[in-house]
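Beneath this line is the structure, given in structure tokens, with notes to follow.
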There are 4 protein chains.
Amino acid sequence: MPKATRRAIPRKKPQQERSQAMVATLLEAATRVFVKEGYAKATTNRIATAAGVSVGSLYQYFPSKDAIAVELLRRYRDGLVELVGARLSTATPATFTVVVRDLIGELLRAEGINPALHRVLIEQVLRTSARKEMLGFEERLEAVLADGMRAAKIELRDPDLSAFLLVRVVLSVVQSAVVDRPKYKTPELADELTRLVVAYVTPP
Amino acid sequence: MPKATRRAIPRKKPQQERSQAMVATLLEAATRVFVKEGYAKATTNRIATAAGVSVGSLYQYFPSKDAIAVELLRRYRDGLVELVGARLSTATPATFTVVVRDLIGELLRAEGINPALHRVLIEQVLRTSARKEMLGFEERLEAVLADGMRAAKIELRDPDLSAFLLVRVVLSVVQSAVVDRPKYKTPELADELTRLVVAYVTPP
Amino acid sequence: MPKATRRAIPRKKPQQERSQAMVATLLEAATRVFVKEGYAKATTNRIATAAGVSVGSLYQYFPSKDAIAVELLRRYRDGLVELVGARLSTATPATFTVVVRDLIGELLRAEGINPALHRVLIEQVLRTSARKEMLGFEERLEAVLADGMRAAKIELRDPDLSAFLLVRVVLSVVQSAVVDRPKYKTPELADELTRLVVAYVTPP
Amino acid sequence: MPKATRRAIPRKKPQQERSQAMVATLLEAATRVFVKEGYAKATTNRIATAAGVSVGSLYQYFPSKDAIAVELLRRYRDGLVELVGARLSTATPATFTVVVRDLIGELLRAEGINPALHRVLIEQVLRTSARKEMLGFEERLEAVLADGMRAAKIELRDPDLSAFLLVRVVLSVVQSAVVDRPKYKTPELADELTRLVVAYVTPP
DNA sequence: AATGAATGAGTTTTCATTCAT
DNA sequence: GATGAATGAAAACTCATTCAT
């Protein structure tokens with residue numbers, strides 16, 4: 001693991017069909033290897049092999065192992081913000097509970113996002129060049145959430161603090177549920193988590 | 001990551017004063033380095049240097065890099081279970097809220113308990129050695145929590161599921177607060193988190 | 001051959017006996033490998049092996065292959081300037097010719113310097129971070145030479161230009177003689193080169 | 001330096017117009033890159049890019065990186081022998097000095113003749129392929145020079161040794177002047193170098 | 001028991017060369 | 001012919017671990 005700092009941003013914007021496919025293949029393989037081996041034990045050669053390509057090709061698209069992590073995280077982050085934004089934007093006072101429940105259900109089913117991957121990577125990337133870029137992520141999520149709650153006429157004494165809390169609460173539970181404990185059935189867990197959220201935001 | 005790791009359990013139980021001090025020094029240094037660099041980028045030399053000793057000395061007390069992580073995790077786990085158990089065991093229906101608030105406050109101020117560090121380590125260590133040892137940890141915490149709630153006459157439809165939820169909820173918020181966002185003042189955050197917990201466990 | 005620029009200056013000032021020996025061993029091995037294989041074909045592993053040590057040790061003392069070349073060149077340069085300075089400082093009008101002859105003889109016998117090595121390295125290092133440091137070398141040689149000629153009461157219309165010329169002339173002939181053509185007997189070549197120099201600096 | 005080199009002689013004699021142009025373009029680009037980066041750091045991709053073509057095209061005309069160096073060296077060698085031979089063949093005892101001065105001037109201004117480049121390449125190429133081909137080069141130059149001096153009725157005690165000396169002397173000064181020190185004006189340098197040569201070959 | 005130089009297997013990374021398009 | 005993505009052998013470099021002092 002060389003010491004010298006290297007680029008952690010993608011080497012080039014893939015624009016051709018083939019490139020897109022290559023990047024996708026590599027990211028999928030990297031996801032598998034990162035989740036299976038952990039970041040430290042995942043080697044570029046292993047990732048390339050898992051993707052069925054040569055290391056050289058990997059380096060054609062990513063300048064370093066960290067760059068792969070950064071890209072993966074970027075996609076995760078964007079997917080999550082988009083999903084949460086889309087669902088909450090439809091919330092009204094009347095539908096808030098059901099919207100939250102559906103959103104949580106979707107998150108637990110890991111549709112479009114991969115909490116396991118996220119958990120492996122976040123610590124690495126947080127110490128990386130891409131730190132700053134990533135930093136805005138939770139804020140964006142909180143903003144999206146605060147918007148949704150406002151639209152649903154949820155009244156809170158400190159909406160920002162509550163958004164901060166809720167983002168963590170939901171993500172961590174989703175993460176734990178998906179990664180560590182497949183023992184809890186999704187619907188029950190979604191119900192219970194929804195209950196927790198609703199109890200918090202709707203004073204008795 | 002050169003050379004495969006061998007033993008991941010401490011080479012010996014240090015009993016002498018000096019040994020104890022050495023181990024403590026090394027663990028503190030390791031904590032700093034792991035948090036600052038991430039597990040993958042933390043080298044044994046860097047840890048030794050941070051502790052002000054030679055690598056050789058490090059290996060006198062820990063048979064491998066992973067063993068350091070394991071020991072750190074072990075202490076974290078034991079400390080946390082003990083703290084939570086001690087506090088909750090005093091809870092009565094009348095004091096539950098205040099006990100929870102105090103516990104959360106303590107966690108937020110805790111020194112030996114560094115969720116950020118342990119999040120990093122768990123990813124690495126859970127995949128290798130010590131997996132088994134660590135595995136029961138969350139269950140123990142949940143059990144301790146469930147006991148506490150039962151003592152406080154908290155009624156829940158699925159106490160286990162609720163314990164699972166609450167453990168995650170509290171730890172993740174504590175972690176985020178400590179690591180990412182020192183912007184929220186501890187007391188306010190503790191209050192709000194307590195409110196969330198209480199709202200969930202005490203139906204209106 | 002990695003692209004990223006790395007340090008080309010020695011990683012640390014060797015001060016211990018052992019370190020000194022290690023550095024010396026490595027530089028000698030590097031000299032052999034560079035001369036035998038050429039710069040491009042000389043690998044750090046080959047150099048380490050030739051030195052009878054591990055690659056790791058090589059990198060303990062030199063941060064990169066280029067750094068070895070730079071150090072080698074630095075030593076060559078210093079040795080040469082010192083030798084030329086020492087010899088010429090003794091020159092008087094009466095002894096100039098014999099001093100020059102002796103100096104040339106010494107250079108041809110490669111005592112303390114290694115023109116073959118120099119030839120391999122100069123082109124590489126000239127394109128390196130150490131460029132600037134190395135740049136003063138010829139100037140220093142020229143200055144030393146100009147001093148010597150002045151002491152010997154040599155009269156020239158443009159002493160700087162002549163020093164420039166003479167430095168190149170002598171070094172290139174020495175280099176070619178040592179490296180390419182061991183066919184010319186040293187004494188005859190020294191005589192002839194001396195004749196060339198003397199004919200140039202002492203107008204008829 | 002990945003992958004061993006194979007052929008080092010041109011894949012084919014380019015006879016079409018287009019091919020000729022392509023070869024010329026590539027050699028010019030290679031010259032620039034070799035001079036700027038050094039042989040070891042010059043990659044085939046960089047050369048191709050500098051030539052404004054793809055790597056594939058490069059390999060259409062040269063079977064290997066070394067083959068480019070060889071071809072460059074071949075052209076250098078042939079051009080130099082031809083130039084020196086042509087100029088010196090016209091020398092008579094009366095015109096020798098002026099012919100030498102003109103030749104030196106031409107070398108200093110020469111474009112296709114780039115001693116700096118060839119110094120880089122010779123180190124690499126002389127150790128690998130083409131060694132044999134290149135070996136006769138200096139001898140040919142020396143022979144051409146000896147012929148010229150004979151025609152000019154220059155009397156020397158060891159004409160071969162003198163030719164050896166003079167070839168090195170002139171080429172090294174030309175090289176240094178072109179590469180390292182653009183500070184010396186061409187005419188003055190040519191004059192002074194001529195003076196050196198003439199002083200040597202024409203005893204007082 | 002402490003030290004830190006030495007080791008070398010294991011990584012990351014490069015780049016000459018090929019070949020499908 | 002031209003292209004440039006893909007290849008993978010080989011290079012550079014790192015770092016967990018050992019062991020002589």
Side-chain angles (χ1 to χ4, degrees), chain A residues 1-4 6 14 16 18-19 21-22 40-49 53-66, chain B residues 1-7 16 18-19 22 40-49 53-66, chain C residues 1-4 6 14 16 18-19 21-22 40-49 53-66, chain D residues 1-7 16 18-19 22 40-49 53-66:
Chain A
M1 202 174 302
K3 277 286 300 302
R6 289 167 190 280
Q16 285 76 40
R18 256 214 294 191
S19 301
M22 178 89 262
K41 304 278 187 298
T43 72
T44 48
N45 265 294
R46 202 129 52 208
I47 294 171
T49 301
V53 303
S54 64
V55 229
S57 292
L58 185 157
Y59 279 91
Q60 191 93 33
Y61 294 96
F62 298 97
S64 68
K65 190 175 139 180
D66 279 4
Chain B
M1 189 183 313
K3 265 192 182 161
T5 302
R6 308 284 176 68
R7 283 157 295 176
Q16 287 75 40
R18 255 213 299 189
S19 301
M22 178 89 266
K41 306 277 191 296
T43 72
T44 49
N45 260 294
R46 200 127 57 206
I47 293 170
T49 301
V53 302
S54 64
V55 230
S57 294
L58 185 156
Y59 278 89
Q60 195 76 34
Y61 294 97
F62 296 97
S64 70
K65 188 180 157 183
D66 278 7
Chain C
M1 200 171 305
K3 275 288 299 305
R6 288 166 191 281
Q16 286 75 39
R18 256 212 296 193
S19 301
M22 179 90 260
K41 305 278 190 298
T43 73
T44 50
N45 263 296
R46 203 133 47 210
I47 293 171
T49 301
V53 303
S54 66
V55 229
S57 293
L58 185 155
Y59 279 92
Q60 191 92 34
Y61 294 97
F62 298 97
S64 69
K65 189 176 142 181
D66 279 6
Chain D
M1 188 182 314
K3 264 190 182 167
T5 303
R6 309 286 175 67
R7 282 157 297 176
Q16 286 76 37
R18 258 217 293 190
S19 303
M22 179 90 264
K41 306 278 191 297
T43 71
T44 48
N45 258 296
R46 203 131 51 207
I47 294 171
T49 302
V53 302
S54 65
V55 231
S57 294
L58 185 154
Y59 278 88
Q60 194 78 36
Y61 294 97
F62 296 97
S64 70
K65 188 180 156 182
D66 278 7

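Just the heavy atoms: all of them, side chains too, but no hydrogens, waters or symmetry mates, feed the values below. Letters A, B, ... are given to chains in the order of the sequence lines, protein chains preceding strands, and every chain is numbered from 1.
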Inset, instruction - Might you point out which heavy atoms bring Ala40(C) and Ala40(D) nearest each other, and give the distance in Å? - result: CB-CB, 3.8 Å
Legend entry - Side-chain N,O (Ser57(A)) to OP1/OP2 (dT7(F)) below 4.0 Å: yes
Inset, instruction - Supply the atom-to-atom distance Lys65(B) NZ to Leu58(B) CG, rounded to the nearest 0.5 angstrom. - result: 11.0 Å
Legend entry - Presence of Tyr61(A) side-chain N/O under 4.0 Å of dA5(F) phosphate oxygens OP1/OP2: no
Inset, instruction - Kindly point out which of dA11(F), dC15(E), dA16(F) is positioned nearest to the side chain of Lys65(B)? - result: dA16(F)
Inset, instruction - Could you say whether Val55(B) or Val53(C) is positioned toward the 5' end of DNA chain E, judged by the nucleotide with the nearest heavy atom to each? - result: Val55(B)
Inset, instruction - Round to a whole Å and report the spacing from CG of Asp66(A) to P of dT11(E). - result: 16 Å
Legend entry - Interatomic distance where CG belongs to Asn45(D) and P belongs to dT3(F) [whole Å]: 13 Å
Inset, instruction - Using the side-chain contact (heavy atoms from CB on, under 4.5 Å) rule, take Asp66(A) and Lys41(B) through it: C-alpha gap first, then chi angles, then the decisive distance, then the call. - result: CA-CA 11 Å; Asp66(A) 279 4; Lys41(B) 306 277 191 296; 3.5 Å; yes
Inset, instruction - Under a 3.5 Å limit for both distances, which nucleotide forms a Watson-Crick or G-U wobble pair with dA12(F), could you say? - result: dT11(E)
Inset, instruction - Please state whether the phosphate of dA6(F), meaning OP1 or OP2, lies under 4.0 angstrom from any side-chain nitrogen or oxygen of Ser54(A). - result: no
Legend entry - Lys41(B) NZ to dA16(F) C1', straight-line distance once rounded to whole Å: 16 Å
Legend entry - Gln60(D) CD to dT3(F) C1', straight-line distance once rounded to whole Å: 11 Å
Legend entry - side-chain N/O Thr44(C) vs dA12(F) OP1/OP2, d < 4.0 Å: yes
Inset, instruction - Please work out if Ala42(B) contacts a base, only the sugar-phosphate, or nothing of the nucleic acid, heavy-atom cut-off 4.0 Å. - result: sugar-phosphate
Inset, instruction - Give a yes/no answer on whether the side chain of Tyr59(A) brings an N or O atom under 4.0 Å of OP1 or OP2 in dT14(E). - result: no
Inset, instruction - With a 3.5 angstrom cut-off on both distances, give the Watson-Crick or G-U wobble partner of dT3(E), or none if there isn't one. - result: dA20(F)
Inset, instruction - Between Gly56(A) and Gly56(C), name the one whose nearest nucleotide on DNA chain E is closer to the 5' end. - result: Gly56(C)
Inset, instruction - In whole angstrom, give the distance that lies between atom CG of Leu58(D) and atom P of dC19(E). - result: 17 Å
Inset, instruction - Starting at atom CD1 of Ile47(B), determine the distance to atom C1' of dT17(F), rounded to an integer number of angstrom. - result: 13 Å
Inset, instruction - Determine the minimum heavy-atom distance between Ser64(D) and Tyr59(D), stating which atoms define it. - result: CA-CE2, 4.1 Å
Inset, instruction - Supply the atom-to-atom distance Thr44(D) OG1 to Phe62(D) CZ, rounded to the nearest 0.5 angstrom. - result: 12.5 Å
